[in-house]
There are 2 protein chains.
Amino acid sequence: MRQFIVIGHDAPTTPDFSLDDLAGGAGRLDALCRCVNSAFFLSHDFRSDVRLFLVLQDELTIRFEGSELRRLNPDERSTAALIRKALEVKSEAIGHMEAESTPGVHVSKRDFEAVLTDASEDATVIELHEDGTPVVDVEPPENPLFVLSDHGDFTDSEAGLLAEASDERVRLGPSLLHGNHAMTVAHNYLDTRGYTDY
Amino acid sequence: MRQFIVIGHDAPTTPDFSLDDLAGGAGRLDALCRCVNSAFFLSHDFRSDVRLFLVLQDELTIRFEGSELRRLNPDERSTAALIRKALEVKSEAIGHMEAESTPGVHVSKRDFEAVLTDASEDATVIELHEDGTPVVDVEPPENPLFVLSDHGDFTDSEAGLLAEASDERVRLGPSLLHGNHAMTVAHNYLDTRGYTDY
């Protein structure tokens, strides 16, 4: 299974935002919606063997489970509407227990550390870093977990947790990419088994 | 210079669409907006050496010129608003002459064939095809032109024109990708000079 954690530093944790202003008033939720798109969509197909966690303001986490998702569309607005639905049921999530808002979309009151601990249990944690090993030189792991940030950089605390948990530190190319683009490149690296299998 | 042509089969050619319904009433303009995002954005940086053509219903073309663009944001909605502005000035575009709506955004009454002819003049035309050569085995050209379709397949006529113009026929991996994801993978292939330079 492929897992991704994306940290949304300014993303809303309450459903009172407008779908008309995702890039403004909704704390750059547009960036997270593009990550959802990159995680799951193929042309005329769907990546059901993917799990994506969106960590919102280090207090709330929305898990998208590829094998269960039913109503996901590629555009930012409808994805944001699914996230809003998840935020509407967050009071049903007690402690680290999750509540499901729509098929395959689960919300919990977990912070980055808790999610990273859970998700990394049977996974190879991959840190994307500009000083990392070229990804082409790294054997693609069977169960990778990539950790990414939204439009902002990791905080020192997040970077520390990630450095401690990471099994590999790689770079995807000479240019720094947006999170959603990095996810697409990561998928392509895995799809091709490290650029060998087309 | 890197060039991309993206064909929008159902995309609007008039500005009377709602920004609230890009994935529905606006003929899947959301898909084209994501291609604009993939063409130009880097983390904290911008790909100014890129030119993107959106061909709308084979009758109208919007050219995004990276070196001139000023007001582009990553989200679908604001990109759609730029496209709507371009459609508002289309009457100023006479024949194949362009009209500029906002900095770096130009509209003309050109169809796919005309755009392909112009754009391919000094470019290596790359056709993405599931039976193509693995991209990792192809030397990255200096001035590539990639031609992609929106959520729909190429028509027979488009596929014929493309096959005739193409210098290389490649595949990016074992899975068929959405246009915007294919563009991100293509950029990564070029950024790394064919997965050799990180």
Side-chain angles (χ1 to χ4, degrees), chain A residues 18-24 26 28-31 33-34 37-38 41-45 47 73-80 130 132-137 149 151-153 170-198, chain B residues 18-24 26 28-31 33-34 37-38 41-45 47 73-80 130 132-137 149 151-153 170-198:
Chain A
S18 167
L19 297 178
D20 297 344
D21 192 23
L22 298 177
R28 296 302 313 275
L29 193 57
D30 62 313
C33 293
R34 285 192 293 279
N37 173 298
S38 292
F41 285 99
L42 285 169
S43 186
H44 309 296
D45 204 357
R47 297 184 184 275
N73 286 304
D75 64 299
E76 292 168 12
R77 187 184 178 93
S78 68
T79 303
E130 54 192 310
T133 309
V135 72
V136 71
D137 296 332
S149 184
H151 61 289
D153 294 329
V170 308
R171 66 175 185 274
L172 299 176
S175 305
L176 285 182
L177 305 179
H178 277 201
N180 60 314
H181 298 159
M183 291 171 69
T184 298
V185 171
H187 269 318
N188 184 247
Y189 155 74
L190 297 167
D191 289 347
T192 58
R193 299 174 187 272
Y195 309 110
T196 60
D197 185 1
Y198 284 77
Chain B
S18 167
L19 297 178
D20 297 343
D21 192 23
L22 298 177
R28 296 302 313 276
L29 194 57
D30 63 313
C33 292
R34 286 191 292 281
N37 173 299
S38 292
F41 285 99
L42 285 170
S43 186
H44 309 296
D45 205 356
R47 296 184 186 274
N73 287 302
D75 65 297
E76 292 169 11
R77 186 184 177 92
S78 69
T79 303
E130 54 192 312
T133 309
V135 72
V136 71
D137 297 332
S149 184
H151 61 290
D153 294 329
V170 308
R171 66 176 186 274
L172 298 176
S175 305
L176 284 183
L177 304 179
H178 276 201
N180 60 314
H181 298 159
M183 290 171 68
T184 298
V185 171
H187 268 317
N188 183 247
Y189 154 73
L190 297 167
D191 290 346
T192 59
R193 298 174 188 270
Y195 308 111
T196 61
D197 184 2
Y198 283 77

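Residue numbers begin at 1 in each chain, while the letters A, B, ... track the order of the sequences. Keep in mind it's a predicted model, so treat the numbers as computed, not measured.
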Using a cut-off of under 4.5 Å on heavy-atom pairs, state which of B:L42, B:D197, B:T192, B:D30 scores highest against chain A.
B:L42
Selection from B:D45, B:N73, B:L172 maximising heavy-atom pairs under 4.5 Å formed with chain A:
B:L172
Contact origin within B:L22 toward chain A - heavy atom pairs under 4.5 Å
neither
What's the shortest heavy-atom distance between B:D191 and A:P174, and which atoms?
O-CG, 3.2 Å
Measure the spacing between OG1 of A:T184 and CE of B:M183 and express it to the nearest 0.5 Å.
11.5 Å
Could you state the interatomic distance from CG (A:D153) to OG (B:S43), rounded to the nearest 0.5 Å?
7.0 Å
Who passes ring pair (Phe, Tyr, Trp, His ring centres under 6.0 Å) against B:Y198, sequence neighbours left out?
none
Starting at CG of B:L19, measure out to CG of A:L19 and round the result to the nearest 0.5 Å.
13.5 Å
Looking at B:H44, B:R28, B:E76, B:R77, which has the largest count of heavy-atom pairs under 4.5 Å with chain A?
B:E76
Answer key: most heavy-atom pairs under 4.5 Å with chain B among A:C33, A:P74, A:G179, A:P134 is A:P74
Among A:N180, A:N37, A:N188, side-chain hydrogen bond (donor to acceptor under 3.5 Å, both in side chains) partner for B:H181
A:N37
Greatest number of non-hydrogen atom pairs under 4.5 angstrom with chain B, of A:D20, A:V135, A:D137, A:D21, falls to A:D20
Mind checking whether A:R34 and B:D75 have side chains closer than 4.5 Å, heavy atoms only?
yes
Partners meeting ring pair (Phe, Tyr, Trp, His ring centres under 6.0 Å) with B:H187 (sequence neighbours left out)
B:F4
Heavy-atom pairs under 4.5 Å with chain B: which of A:A31, A:A182, A:S78, A:S38 has the most?
A:S38
Which of B:T196, B:T133, B:L177 touches chain A most, by non-hydrogen pairs under 4.5 Å
B:L177
